[in-house]
Amino acid sequence: MSTQVHVDRFIDAKGQMCPMPIITLKKAWKDIAVGQVVAIAATDQGARRDIPSWAEATGNTLLGMSEEQGVLTFYLRKVA
Amino acid sequence: MKERMSIVLFSGTVDKLLAASILATGAAAMDMEVDLFLTTWGIEAFRKGAYKTNTRISRDFEEYGSVMRELMAAKKAPTWWENLQGAREIGEVHIAACSMTMELFGLTLNDLEPVVDEVTGVATFMERARESKVTMFI
């Protein structure tokens, strides 16, 4: 996944507990241009479903997710 | 028009305040407006400075209070107050205090934290809650 997509911004939310990863993502989002790709890494296990749900609810695109040693990394494209 | 979540916050114990604050944050992150209607012990929790000293937890689980505080500190979990600030940073959070409780406790808006926007009655809350997608009583 990460090798196929150009990432414009990386957000490290590792170690953050719910609801912090979503707050961090939402705060960062206003500085992202439409069309740009954001990667966010999280260790909160709720993020597995929370970040896809957030993307769906806010009208953005989840390009994919990778998992390595308990770290979930999500790739999102800004649409809205 | 944005979707809205309305919460009646009746409790003033930190365990329930934490739950309410996480829900408020989640809704704000999902682009929803959040309405908090404080009543009874919920108002106590928003007295000026109270969030710094309030360590009450639900009576059924009183003996876990100190352990919970230690765990939260060790895992750097945000407090309910920090979550609420986070929700306000990322979205619209409207906080109203119940006029009946305010009168009963002899309080005015000045006695509460500045995050509380206004003092209203139950009808104002209902008017907003009836248009909300999600309503809760905590």
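Proteins come first, then strands; the chains are lettered A, B, ... in the order of their sequence lines, and each starts at number 1. We use all heavy atoms of the structure for the numbers below, so side chains are in, but hydrogens, waters and symmetry mates are not.
- Counting heavy-atom pairs closer than 4.5 Å to chain B, the top-ranked of the candidates A:K26, A:K30, A:K27, A:E56 is A:K26.
- In terms of modelled atom types and a separation under 3.5 Å, the side chain of A:W54 and the main chain of B:A29 share a donor-acceptor contact.
- A:S53 places a side-chain heavy atom less than 4.5 Å from the side chain of B:M30.
- Linking Ile, Leu, Val, Met, Phe, Trp and Tyr residues whenever their side-chain heavy atoms come within less than 4.5 Å leaves B:L17 and B:L71 in two separate clusters.
- Follow the hydrophobic side-chain contacts under 4.5 Å out from B:W81 and you reach B:L112 in the same cluster.
- Inter-residue side-chain proximity for A:I22 and B:T25 is flagged as unmet; no heavy-atom pair is nearer than 4.5 Å.
- Residues A:F10 and A:L25 are members of separate hydrophobic clusters, defined by side-chain heavy-atom contacts under 4.5 angstrom among Ile, Leu, Val, Met, Phe, Trp and Tyr.
- Cluster annotation: A:I23 and A:I51 are assigned to distinct hydrophobic clusters (Ile/Leu/Val/Met/Phe/Trp/Tyr, side-chain heavy-atom contacts under 4.5 Å, transitive).
- Counting heavy-atom pairs under 4.5 Å between each of B:E82, B:E89, B:M32 and chain A puts B:E89 at the top.
- Note on B:I7 and B:L38: same hydrophobic cluster, where clusters join Ile, Leu, Val, Met, Phe, Trp and Tyr whose side-chain heavy atoms are under 4.5 Å apart, directly or indirectly.
- Across B:K75, B:K76, B:M72, a single residue satisfies side chain to side chain contact (heavy atoms under 4.5 Å, CB included) together with A:M17, and that is B:K75.
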